[in-house]
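Everything on this sheet refers to the single structure shown next.
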Amino acid sequence: MGFMQKVFRRSPWLYRINAGSCNGCDVELATTACIPRYDVERLGCQYCGSPKHADIVLITGPLTARVKDKVLRLWEEIPDPKVTVAVGICPISGGVFRDGLPIEGPLDRWLPIDVNVQGCPPRPQAIIEGIAKAIEVWSDRQ
Amino acid sequence: MPDNILTLLFAVLVFPGGLFALAFGLILRGLDRRAVARMQRRVGPPLIQPFIDILKLMGKRTMVPEGSNTFVFLWAPVVAVAAMAVAAAMIPIAGFYRPSADLGDMLVLLYLVTVPAVVLMLAGSASGSPFGAIGFSREMAIMLAYEGPLLLAVVAVAMVAGHHLGQPIALSLADIVAVQRQQGAFILDPMLWPALLAYLSFIPANLGFSPFDIPEAESEVLEGPLLEYSGPALGLLKLASALKSVVVIGLGIALFCPIGPSGGAGLLVWALQCAVVTVCGVSLAKAALGRMRIDQAVLFYLKWPELLGIAGLVLAVANL
Amino acid sequence: MSFLKVLVKNIVAGPSTVAYPFGEPETPAAYRGRVAFDAGACTGCRMCEYVCPAGAIRFDERDDGLHFAVWHNSCANCGHCAHYCPTKAIRLTNDWHMAHLQSEKYALADHAVVPRARCTRCGADIGYGTDAIVRHAYRGVARQTEHLARLCPDCRRAASIKGASL
């Protein structure tokens with residue numbers, strides 16, 4: 001592993017996209033970041049406000065028709081190489097909203113997903129597990 | 001006088017500006033993040049996390065948004081880093097480093113301290129993003145609010161120091177430090193405590209830390225002026241802000257409490273002082289307070305620090 | 001200034017962060033995680049398929065038996081299936097290690113076959129999971145009539161009449 005690869009592994013910045021989620025997964029993401037019990041900052045992660053700073057993007061929600069174009073545009077704004085993580089069963093398969101009228105998902109019809117985190121919502125440890133997997137994928141891409 | 005130029009270049013590029021200030025500023029930033037994490041019962045990132053972040057940003061590519069002014073967009077961060085490197089070279093370290101008078105006096109320093117804020121404004125408006133424009137206007141408003149207390153505090157100290165030197169006002173930081181090392185630190189003089197408080201309250205706003213991180217609020221305006229930056233350009237802006245924390249905190253120590261012994265121990269004491277100010281002045285507020293609204297912040301600065309600054313100036317002048 | 005007291009207390013108390021991912025995570029025993037299915041206990045009533053809000057459970061009737069499939073990537077871990085299962089053949093374990101790479105997306109499923117039960121006398125098809133039904137439904141049956149439970153209706157009629165004539 002090269003020096004830069006080691007550096008990249010220890011500083012993955014996270015960005016969240018809500019693709020029509022019920023906010024359950026978003027709450028768990030906030031929990032993962034903010035409460036002392038599950039501290040993602042010790043992995044070097046940092047939630048950033050701008051998609052241009054992001055390395056790993058976490059997408060929640062089943063991709064509703066209204067947000068589809070916005071989500072795709074936002075995703076395009078994130079510089080390569082990026083790793084896309086689908087958090088919760090909605091972006092993975094549609095979950096309980098599958099085959100619903102306003103649902104354009106699952107997400108991998110439109111975007112290349114790298115890591116899936118199962119759960120409805122996933123518990124914070126599962127999200128951390130997913131982020132750890134995403135970091136592996138990300139360092140392989142450098 | 002090529003010798004002098006070489007010394008100046010060394011001061012600006014290596015010590016205490018440039019490389020040293022960069023490394024020290026990043027360590028202070030890491031210390032701050034770790035202190036905040038501990039105050040919130042988290043483990044927090046390693047101390048060298050800011051170094052890792054900067055290295056990573058340097059390894060990514062910079063994207064220039066469509067409709068932006070490319071020249072300003074890309075050169076503004078460089079200007080900020082350069083200004084801060086020069087400013088860091090002008091900060092005396094008691095007993096260890098005395099800045100050369102050729103670099104300029106305190107007025108130049110005060111102008112340089114405002115450069116990163118101006119650069120942020122330029123960057124925000126050059127990026128062509130509406131969030132950048134909002135960040136621009138917020139930065140402008142809060143800058144107008146916090147410059148007052150800074151100037152009042154600095155002038156109060158300069159007048160007291162000037163009185164000891166037999167001048168109307170002492171504009172050289174080296175002289176101010178020399179006076180304090182003879183007469184005792186100004187932090188022990190109750191007449192200057194209002195000025196000290198005004199200066200302390202100026203630090204978080206100038207460094208863009210909570211509760212005054214309004215121009216770069218990530219949840220409201222998506223980091224405002226920084227929104228469109230990525231890769232090395234963003235890294236340079238982060239470097240500039242790390243340098244700025246050394247400059248602003250170092251200036252505060254030079255103004256109020258330059259007590260370090262001579263020699264290498266002086267550098268150590270200075271670093272320790274910087275760390276204490278970072279943890280007590282910046283991290284504490286960051287961990288305890290939420291972000292203010294821009295109108296609240298501006299009103300706050302126009303009320304309390306401004307009053308403190310005026311009181312400090314009046315007390316200092318009346319006591320001469 | 002009480003917040004200062006809180007902050008100082010926090011520093012003294014030290015971090016309360018759990019060790020995971022660098023150490024072992026703790027999981028409550030009652031945590032609703034990955035669905036586990038026991039084909040031997042299933043009666044083939046298909047109630048779980050009916051109540052599943054996400055449509056994660058699917059049954060498929062084939063010659064060799066009833067094929068059960070659950071796709072965990074569609075499962076909301078709501079626990080309806082376990083709640084409504086009469087024989088507790090389906091239950092939720094506390095396993096939550098289900099973050100996976102995209103290549104494994106469709107592999108995150110469990111399959112099982114509920115075999116068809118045969119009449120112990122004539123070998124006729126008598127549906128699914130008879131043992132499970134016997135254990136569940138005929139709990140207080142006398143020992144003399146217990147052998148009737150695994151017979152097809154015809155054989156059972158014959159056997160009980162024969163038993164009565166004795």
Side-chain angles (χ1 to χ4, degrees), chain A residues 22 24-25 28 31-32 34-43 45 58 62 83-100 105-108 111-138 140, chain C residues 6-7 9-36 51-58 69-81 92-110:
Chain A
C22 69
C25 295
E28 294 299 320
T31 309
T32 315
C34 296
I35 77 167
R37 208 171 146 78
Y38 322 102
D39 177 25
V40 282
E41 221 184 338
R42 86 205 130 119
L43 302 177
C45 295
L58 307 158
V83 177
T84 316
V85 181
V87 176
I89 58 171
C90 290
I92 305 175
S93 68
V96 293
F97 303 111
R98 189 168 60 200
D99 301 334
L107 208 56
D108 54 1
L111 308 173
I113 305 282
D114 299 296
V115 177
N116 294 311
V117 182
Q118 192 271 357
C120 183
R123 70 188 311 216
Q125 287 99 323
I127 295 176
I128 292 177
E129 192 184 28
I131 290 173
K133 282 204 159 73
I135 291 173
E136 295 294 322
V137 174
W138 193 57
D140 288 344
Chain C
V6 173
L7 293 181
K9 242 189 243 167
N10 282 351
I11 294 179
V12 173
S16 66
T17 310
V18 292
Y20 190 77
F22 303 114
E24 279 307 299
E26 57 169 306
T27 313
Y31 180 77
R32 295 202 310 265
R34 187 179 183 128
V35 164
V51 297
C52 183
I57 296 173
R58 191 150 300 172
V70 55
W71 186 30
H72 298 292
N73 270 334
S74 193
C75 169
N77 308 102
C78 65
H80 274 186
C81 47
L92 268 61
T93 62
N94 65 355
D95 173 22
W96 48 266
H97 296 278
M98 282 190 283
H100 54 280
L101 300 177
Q102 172 73 5
S103 54
E104 302 155 15
K105 175 176 172 182
Y106 295 103
L108 197 72
D110 276 332

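Chain A is the first sequence line, chain B the second, and so forth, proteins listed ahead of strands; every chain is numbered from 1.
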Problem set entry | Heavy atoms from other residues, nucleotides or ligands near CZ of A:Arg98 exceed 12 (cutoff 6.0 Å) | yes
Answer with side chain, backbone, both or neither: which region of [X] has an atom nearer than 4.5 Å to a non-hydrogen atom of chain C?
{"X": "A:Ile127", "value": "neither"}
{"X": "A:Asp99", "value": "neither"}
{"X": "A:Ala126", "value": "both"}

For this session: Quick one: which of A:Ile131, A:Val137, A:Asp108 has the most heavy-atom pairs under 4.5 Å with chain C, could you say?
Result: A:Asp108
Problem set entry | Top contributor to chain C interface from A:Val117, A:Ile113, A:Asp39 [non-hydrogen pairs under 4.5 Å] |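 Of the options given, most contacts go to A:Ile113.
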Contact class of [X] relative to chain A, heavy atoms under 4.5 angstrom:
{"X": "C:Ser103", "answer": "neither"}
{"X": "C:Pro53", "answer": "both"}
{"X": "C:Cys75", "answer": "both"}

For this session: Among C:Pro25, C:Ser74, C:Cys78, single out the residue with the greatest number of heavy-atom pairs under 4.5 Å to chain A.
Result: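 Most heavy-atom pairs within the cutoff with chain A belong to C:Ser74.
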Seminar exercise, completed: Ranked by heavy-atom pairs below 4.5 Å to chain A, first place among C:Leu101, C:Asn73, C:Asn10 goes to C:Asn73
Exercise. Do C:Thr17 and A:Arg42 have side-chain N/O donor and acceptor atoms under 3.5 Å apart?
Worked result: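 No donor-acceptor contact under 3.5 Å links the two side chains.
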For this session: Take A:Asp114 and C:Gln102 through the side chain to side chain contact (heavy atoms under 4.5 Å, CB included) test and state the conclusion after the steps.
Result: CA-CA 5 Å; A:Asp114 299 296; C:Gln102 172 73 5; 5.6 Å; no
Exercise. Which side-chain hydrogen bond (donor to acceptor under 3.5 Å, both in side chains) pairs, counting each pair once, include a residue from residues 119-134 of chain A, with sequence neighbours left out?
Worked result: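 For residues 119-134 of chain A, and leaving out neighbouring residues, the side-chain hydrogen bond (donor to acceptor under 3.5 Å, both in side chains) pairs sorted by first residue read A:Arg123-A:Gln125, A:Glu129-C:His97.
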For this session: Enumerate by number any residue of residues 84-94 of chain A whose heavy atoms lie under 4.5 Å from heavy atoms of chain C; in the absence of such residues, state 'none'.
Result: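 Answer by number: A:Ile89, A:Ile92, A:Ser93.
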Problem set entry | Check: A:Gln118 side chain, C:Arg34 main-chain N or O, donor-acceptor pair, under 3.5 Å | no
Exercise. When rounded to the nearest 0.5 angstrom, what is the spacing between CE in C:Met98 and CG in A:Asn116?
Worked result: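 If we round to the nearest 0.5 Å, C:Met98:CE and A:Asn116:CG are 12.0 Å apart.
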For this session: Identify the heavy atoms of C:Lys105 and A:Pro106 that sit nearest to each other, and give their distance.
Result: NZ-CB, 4.4 Å
